[in-house]
Q: 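Got a structure for you, questions after.
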Amino acid sequence: MNRKTGVVIPLSALYTKDCEAVGDFLALKDFADFCKQCAFSVIQLLPVNDTGMQSSPYSGLSAFALHPLYIRISALPEFSTAYKGSRKFATAYREFNKEFKYSKRFQYEKLLTAKTNLLHMLYDYIEKKERKSSAGKDTASKFELELDRFANENSWIPYYAVFKDLKDSAMQASWKHWDESLQKFTRKQIEQRWNNRALLTSHNFFVWCQLRASQQFKESADYVRSLGITLKGDIPILMNEDSADCWAWPEYFNQEQRAGSPPSGDTPLGQNWGFPTYSWDNIAKDNFTWWKNRVKTAAQYYDAFRIDHILGFFRIWSVSEKESSAYLGHTSPCSFISRKLLEEAGFDTGRINWLSKPHIPTKLIEDITWNHEEAISMLQKICNRVGTEELWNFKDEITSDSLIYSQHFSDDGNKDAAVKQAFASKWRDRALIAADSDNFTPVYSYTQSTAWQSLNYEEQEKLKKLFDRLAEEENLLWKKQAIQVLTPICSATNMIPCAEDLGVNLACMPEVLKQLSILSLKVVRWNRVWEKDGQPYVPFSEYPELSVTTTSVHDSSTLRQWWNTEKQSVEEYLKMSDAQEKPSKDEEFSEATAQFCLKTSALTKSGWFINPLQDYLFLQQKYFMQNPDEERINVPGSVNDFNWTYRLPVSVEELAKDKALIEKIKEIAGIHDAEVSLGE
């Protein structure tokens, strides 16, 4: 494959003299000119789909619609007419640019609201003008015909437009809080509402936004391509529950389950992302039409695409939507251990109950209340006593920790909170999850459960054998699903598929990626032989050619933060280099350090070498922000106004004039792109 070096950036982070508040679709053209000078052959963008009031680009309100935030208003064909003809719009536009001038981070919700209002103001002016000019005529205006044509060419538009209009009417509330009749709208009812002439203007506003966004993005994408640069997109695997797709195509989503990740050192309760999982059987019955259309829509702009969380196409970590954590989740699909197999291994009904049902000792609650009778009273609210023992099981109606948290146990706020926490902790304390009365799957952290630790060595070994057999079955199950699901998705277009395959390494994953010609992802700092002493780095000569190497990702610290805060990791990294002169791990990060790291990583055998723009900007000390945290895009597990609002510290025009930076980047690109026979 052709070796390529590139850069990844959130579109909103771009900063040019013509951008209105944040980077926009047309800013890509200026950025592409800079990238061409740097000898970059790939520009990778974070997702650019409409996410509504959610700042995360991975929280899609639509799988198809582009984000109106990235429209350049001044470049719209209607702008000049409205600016000259409407004093109200002209004043609002000038005030908008004045209020939202460049800053290191931007205020997502405030900015989106203001820009949406401007777009509404512009559309209303033009629409009324068009209506007046076509009054008394039998034919639709050129403007209306243009919108009709776009809607007819994009089958998802009616559902998206109706959804957005209803959401506006509901003050942006989730569709699950709408009137019940609207929640249960069928696609036929949505189409009927779409065809309601009284709502034409309301719906056409969203059609117009998507038409103009698509035109601007296509213009830039074609320009990028004309420079010989590959534009790589990003398709999030999951959809926000509050999305047009979950509302209009509910059969494709399992609304009772939520996706996430299992417990780990950093997140002992796992991560519950809040997004519904897929009903793959229903998607397959429809010949994967929704997914195929999704990638075909992306292919209008991109030559390659990143498949977000590809692990989830093999198996997703799934937990009940009623659970607050992901601790009691399991993989989906998964295999189960039958009651019969457990009994054959010597576990009778009582032992199976001990393994699969939490048992709460009276003393646990008594230690909080310091009163035996009060503890009994609290236990009786949600538990049943086990015989005459000082031991309790949760009542059958307690089916999640959310039902525990909703209880009121005492008038003492601190005591009440402590009791709830104790009950919730016990709710998770089990070794097996019962899918039903006869089938079970192990809790991910089963070895930490009271039940497991109470078993003797022989019992633990018997269960481990059952768990090992389960793992073998599941590996085949996951391989089958991945091939079934990814084959139609990857073959729907000519885009080059690239996997985000971080996290658990499934035994079947490398084989499937190779079979489907999907590039894997190698984040240098995490590509290590973790089971060996010292956890040495995988040599760059052993990286697979069918992969993308990167120094950082949007969810990680930057190269600068990593160097200054993870010295043990840095020390191991330095051992990879045979360079006679290399920095000491104790040195403060500098432009020389950045140059060393990027040059060293450029020796990768991976076909593609794509890094965040921040890591390239470290080649010039003058672009270092005073606070290194400001250079980060996202901190996973946190929800705040900081995440996803990063801006470049300098305009693209200034970068294009920085010959010293450009020459340093060209040298790095030259090292990588020339390493054709590395390791051979």
Side-chain angles (χ1 to χ4, degrees), residues 1-4 6 8 41-49 58 60 63-64 155-156 221 225 230-239 245 249 252-253 259 277-316 332-333 475-522 544-550 553 606-608 610:
M1 64 183 298
N2 292 332
R3 295 175 68 80
K4 293 177 179 286
V8 57
S41 47
V42 181
I43 296 174
Q44 178 179 330
L45 299 177
L46 267 58
V48 293
N49 291 86
Y58 295 92
F64 304 95
S155 59
W156 52 270
R225 197 172 291 113
T230 296
L231 187 59
K232 179 182 174 185
D234 193 335
I235 299 183
I237 176 177
L238 299 166
M239 293 304 305
D245 303 85
W249 288 274
Y252 295 158
F253 302 89
T277 59
Y278 286 110
S279 297
W280 285 115
D281 288 345
N282 289 338
I283 292 174
K285 285 177 187 175
D286 196 25
N287 198 28
F288 297 91
T289 300
W290 182 83
W291 261 104
K292 287 178 180 177
N293 287 340
R294 193 177 180 190
V295 292
K296 285 176 182 177
T297 299
Q300 295 178 84
Y301 317 106
Y302 303 120
D303 308 299
F305 69 111
R306 172 186 180 272
I307 307 174
D308 174 49
H309 192 60
I310 200 168
L311 181 66
F313 290 92
F314 289 77
R315 94 299 182 273
I316 200 81
S332 178
N475 197 56
L476 294 174
L477 193 65
W478 299 337
K479 178 181 177 182
K480 180 181 177 182
Q481 170 162 296
I483 292 174
Q484 179 190 17
V485 170
L486 288 170
T487 298
I489 292 173
C490 293
S491 60
T493 71
N494 291 323
M495 288 191 295
I496 299 168
C498 305
E500 186 274 286
D501 56 337
L502 305 177
V504 180
N505 291 318
L506 305 185
C508 61
M509 187 180 288
E511 179 187 349
V512 171
L513 296 187
K514 186 175 182 181
Q515 179 179 332
L516 299 179
S517 298
I518 302 174
L519 280 70
S520 61
L521 179 64
K522 305 299 177 186
E545 183 183 8
L546 198 68
S547 67
V548 178
T549 290
T550 187
V553 293
S606 294
W608 289 11
I610 305 173

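Please read these numbers as outputs of a predicted model, since none were measured by experiment. In what follows, every heavy atom counts, from backbone to side chain, and hydrogens, waters and symmetry copies are set aside.
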Q: Verify, without hydrogens or angle tests, whether T550 (side chain) and I610 (backbone) share a donor-acceptor contact under 3.5 angstrom.
A: yes
Q: For W290, what residues pass the side chain to side chain donor-acceptor pair (under 3.5 Å) criterion, not counting sequence neighbours?
A: D245
Q: Evaluate the criterion side-chain contact (heavy atoms from CB on, under 4.5 Å) for residue pair S332 and T277; output intermediate values, then yes/no.
A: CA-CA 9 Å; S332 178; T277 59; 5.9 Å; no
Q: Around atom NZ of K292, are there more than 12 heavy atoms of other residues, nucleotides or ligands at under 6.0 Å?
A: yes
Q: Between atom CE of M1 and atom CG of L519, what is the distance when rounded to the nearest 0.5 Å?
A: 4.5 Å
Q: Taking all atoms of both residues into account, what is the closest heavy-atom pair of M495 and A299, and its distance?
A: SD-CA, 3.7 Å
Q: Quick one: does D234's side chain get under 4.5 Å of Y302's, heavy atoms only?
A: no
Q: Kindly indicate, with the supporting measurements, whether the criterion side-chain contact (heavy atoms from CB on, under 4.5 Å) is fulfilled by Y58 and L238.
A: CA-CA 8 Å; Y58 295 92; L238 299 166; over 6 Å; no
Q: Under the ring-ring contact (aromatic ring centres under 6.0 Å, His included) test, which residues partner Y301, sequence neighbours left out?
A: F217
Q: Between the side chain of N282 and the main-chain N/O of Y252, is any donor-acceptor distance below 3.5 Å?
A: no
Q: Between the main-chain N or O of G6 and the side-chain N or O of Q44, is there a donor-acceptor pair closer than 3.5 Å?
A: no
Q: Within the structure provided, determine whether F253 and S279 are in side-chain contact (heavy-atom separation under 4.5 Å).
A: no
Q: Evaluate the ring planes of W280 and Y278, with Trp represented by its six-membered ring, and classify them as parallel (under 30°), tilted (30 to 60°) or perpendicular (over 60°).
A: tilted
Q: Write down the atom of A63, the atom of R294, and the distance for their closest heavy-atom approach.
A: CB-NE, 3.5 Å
Q: Output, in order, the C-alpha distance, side-chain angles, deciding distance and verdict of side-chain contact (heavy atoms from CB on, under 4.5 Å) for F64 and K296.
A: CA-CA 10 Å; F64 304 95; K296 285 176 182 177; over 6 Å; no
Q: My understanding is that only one of V295, L516, I235 makes a side chain to side chain contact (heavy atoms under 4.5 Å, CB included) with I489; could you say which?
A: V295
Q: Got a list of side-chain donor-acceptor pairs under 3.5 Å for residues 500-509, not counting sequence neighbours?
A:
| from | atom 1 | to | atom 2 | distance (Å) |
| --- | --- | --- | --- | --- |
| E500 | OE1 | H309 | N | 3.0 |
| E500 | OE2 | L502 | N | 3.0 |
| D501 | OD1 | L521 | N | 2.8 |

Q: Would you mind reporting whether I307 and C490 have side-chain heavy atoms less than 4.5 Å apart?
A: yes
Q: Examine the side chains of T230 and K4 and answer whether a donor and an acceptor come within less than 3.5 Å of each other.
A: yes
Q: Does a side-chain heavy-atom distance below 4.5 Å link I496 with W608?
A: yes
Q: Would a distance-only check, ignoring hydrogens and angles, find a side-chain to backbone donor-acceptor pair under 3.5 Å from D308 to I237?
A: yes
Q: Shortest non-hydrogen contact from S520 to L513?
A: CB-CD1, 3.9 Å
